[in-house]
2 protein chains.
Amino acid sequence: MSGEGTATSTRQQRLQHNSAERRAQKKLDLRQSMLGAATALFERDGFEGFSLRQVAEAIGYSPTSIYLYFRDKEDLLHHVALEGFRSFGQDLQRAADQPGSARERLCAIGLAYLRFGLRRPLHYRLMFMVRGDWLGLPTPSGYDSVIDSFGVLEQAVQRGLDSGELRPGDLQVYTSLLWANVHGLVSLHLATPYFPAEVLEGLYLQHQEVIGRNLSP
Amino acid sequence: MSGEGTATSTRQQRLQHNSAERRAQKKLDLRQSMLGAATALFERDGFEGFSLRQVAEAIGYSPTSIYLYFRDKEDLLHHVALEGFRSFGQDLQRAADQPGSARERLCAIGLAYLRFGLRRPLHYRLMFMVRGDWLGLPTPSGYDSVIDSFGVLEQAVQRGLDSGELRPGDLQVYTSLLWANVHGLVSLHLATPYFPAEVLEGLYLQHQEVIGRNLSP
DNA sequence: TTGATTTACTTAACGCTGTAAAGTAAGCTG
DNA sequence: CAGCTTACTTTACAGCGTTAAGTAAATCAA
């Protein structure tokens with residue numbers, strides 16, 4: 001009515017474009033809501049109790065609708081874990097960026113590691129005990145900020161070696177020693193009746209002391 | 001016919017007794033066969049793939065017959081794990097009984113620990129990663145030979161402290177340090193793509209070296 | 001504006017799971 | 001020989017992940 005041919009055409013195109021964008025956004029929103037419900041239910045029920053049908057019920061959709069947004073149950077849980085890896089990596093990175101001596105930084109990284117395990121036990125179990133194999137998968141698109149957590153520790157060790165604050169030795173050996181120690185503590189705490197939460201940090205600090213005496217030149 | 005009253009009576013009693021014994025033995029046999037099938041299937045399929053109905057099928061009984069011999073699936077798997085704990089405890093005890101210095105013995109115990117994890121990965125996962133809470137349960141009757149594995153390590157540390165071979169320090173700290181380290185290595189190997197089997201023993205020995213330098217007086 | 005097509009989702013169904021309750025056949029007992 | 005116990009099976013239920021078929025609404029071409 002109030003526009004010639006070509007103008008009407010472009011307006012129509014723009015409308016179509018906006019409509020498509022709105023639809024795409026709605027899809028993203030729904031996907032995010034599925035992921036949110038999945039995360040909440042996972043944090044309540046853990047890996048064993050986690051159920052696709054309950055996730056669907058929580059968001060008011062049919063069970064099979066989830067398959068339109070995630071490959072399967074495994075894929076959905078994988079994305080739940082990815083949020084954990086992001087948060088975990090940030091915690092470690094923050095500790096690594098703290099000022100102080102190399103040993104202090106390494107100790108702080110381990111402490112951040114341990115506290116993550118205590119704060120989010122179900123996530124930790126999923127990420128490093130039950131489905132640690134996901135660490136071998138390429139990071140899906142949209143999760144680029146997931147930090148290579150092992151790399152953070154490794155770099156902190158490397159810095160200590162470079163600056164001479166750590167006794168010369170194999171980078172991999174030092175890194176794996178620190179990692180195995182803190183993961184051992186956390187996972188034994190989470191999986192067994194040993195090492196209750198109250199003693200865990202104290203135990204860790206004393207371990208650091210024993211190990212650290214030796215890492216010093 | 002060929003015996004007076006009292007003799008016949010005792011014979012009958014003996015027959016009844018034998019019959020009851022045979023029945024009791026048959027029950028034990030069947031229970032053992034269930035446990036055997038369960039162990040075999042568990043070692044094939046692991047914790048996640050383990051199914052009561054498949055155990056029943058393997059021994060040619062109906063699914064519900066298992067409930068006549070075990071409380072439920074959890075109870076059956078618990079007894080599968082108990083066999084693992086027995087074997088694990090023996091391995092550790094053997095290493096602890098080896099002659100040598102305290103540090104050598106401690107190193108040998110850890111090596112036995114690590115090799116158990118490599119030799120029976122599914123059992124290790126069940127015992128220490130997935131259902132480590134069973135360690136807090138009282139040992140069921142018939143499994144008295146299950147050795148307190150943590151105690152074996154603890155005693156070896158104590159011996160080293162007593163003899164002056166280890167630098168004076170807290171028993172619990174030393175013990176938990178060694179345990180957390182080797183469990184960390186094994187469980188990260190089993191659960192993640194890091195620490196493949198080929199490097200695991202080497203890594204462990206180098207960790208022992210670093211830690212041991214410090215445990216020495 | 002209308003008819004065809006695509007999109008987004010649901011319903012129905014399959015085969016599997018652990019487990020409780022009811023049924024059954026054999027053996028033992030008085 | 002009747003009655004009870006033992007040992008096991010059959011049936012059934014509620015839940016699970018997942019596939020395939022069906023449906024209603026939105027979009028598009030004319």
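Owing to the predicted nature of the structure, the values given are computational and were not obtained by experimental measurement. Below, chain A is the first sequence line, B the second, and so on; all start at residue 1.
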Between Q54(A) and dG15(D), is there a contact of a side-chain N or O with OP1 or OP2 at under 4.0 Å?
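Checking dG15(D) against Q54(A), no side-chain N or O comes under 4.0 Å of OP1 or OP2.
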Please report, rounded to the nearest Å, how far the [atom2] atom of [N] is from the [atom1] atom of [X].
X      : N       : atom1 : atom2 : value
K26(B) : dA7(D)  : NZ    : P     : 11 Å
I66(B) : dA7(D)  : CD1   : C1'   : 15 Å
D72(A) : dG17(D) : CG    : C1'   : 9 Å
L77(B) : dT19(C) : CG    : P     : 10 Å
F47(A) : dG17(D) : CZ    : P     : 11 Å
K73(A) : dT19(D) : NZ    : P     : 14 Å
L52(B) : dC16(D) : CG    : C1'   : 16 Å
F70(B) : dC8(D)  : CZ    : P     : 13 Å

Yes or no on side chain to side chain contact (heavy atoms under 4.5 Å, CB included) for K73(A) and I66(A), after CA distance, side-chain angles and deciding distance?
CA-CA 9 Å; K73(A) 183 189 185 182; I66(A) 296 182; over 6 Å; no
Closest approach of L135(A) to M127(A) (non-hydrogen atoms, all atoms of both residues)
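In this case the closest contact between L135(A) and M127(A) is CD1-O, 4.3 Å.
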Checking salt bridge (charged side-chain N to carboxylate O under 4.0 Å, His left out) between D91(B) and each of R119(B), R115(B), R86(B), which is the one that passes?
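Of all the options given, the one that passes is R119(B).
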Do H78(B) and L137(B) have side chains that get closer than 4.5 Å, going by heavy atoms?
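Heavy-atom side-chain distance check passes, below 4.5 Å.
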What's touching nucleotides 9-12 of chain C from the protein side, N or O pairs under 3.5 Å?
from: dC9(C); atom 1: OP2; to: Y69(A); atom 2: OH; distance (Å): 2.4
from: dT10(C); atom 1: OP2; to: S62(A); atom 2: N; distance (Å): 3.0
from: dT10(C); atom 1: OP2; to: S62(A); atom 2: OG; distance (Å): 2.8
from: dT11(C); atom 1: O4; to: T64(A); atom 2: OG1; distance (Å): 3.0

What's the separation between atom CG in L77(B) and atom CZ in R131(B), rounded to the nearest 0.5 Å?
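Rounded to the nearest 0.5 Å, the CG-CZ separation comes out at 8.5 Å.
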Aromatic contact, W134(B) with F85(B) (centres under 6.0 Å)
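They do not qualify: ring centres at least 6.0 Å apart.
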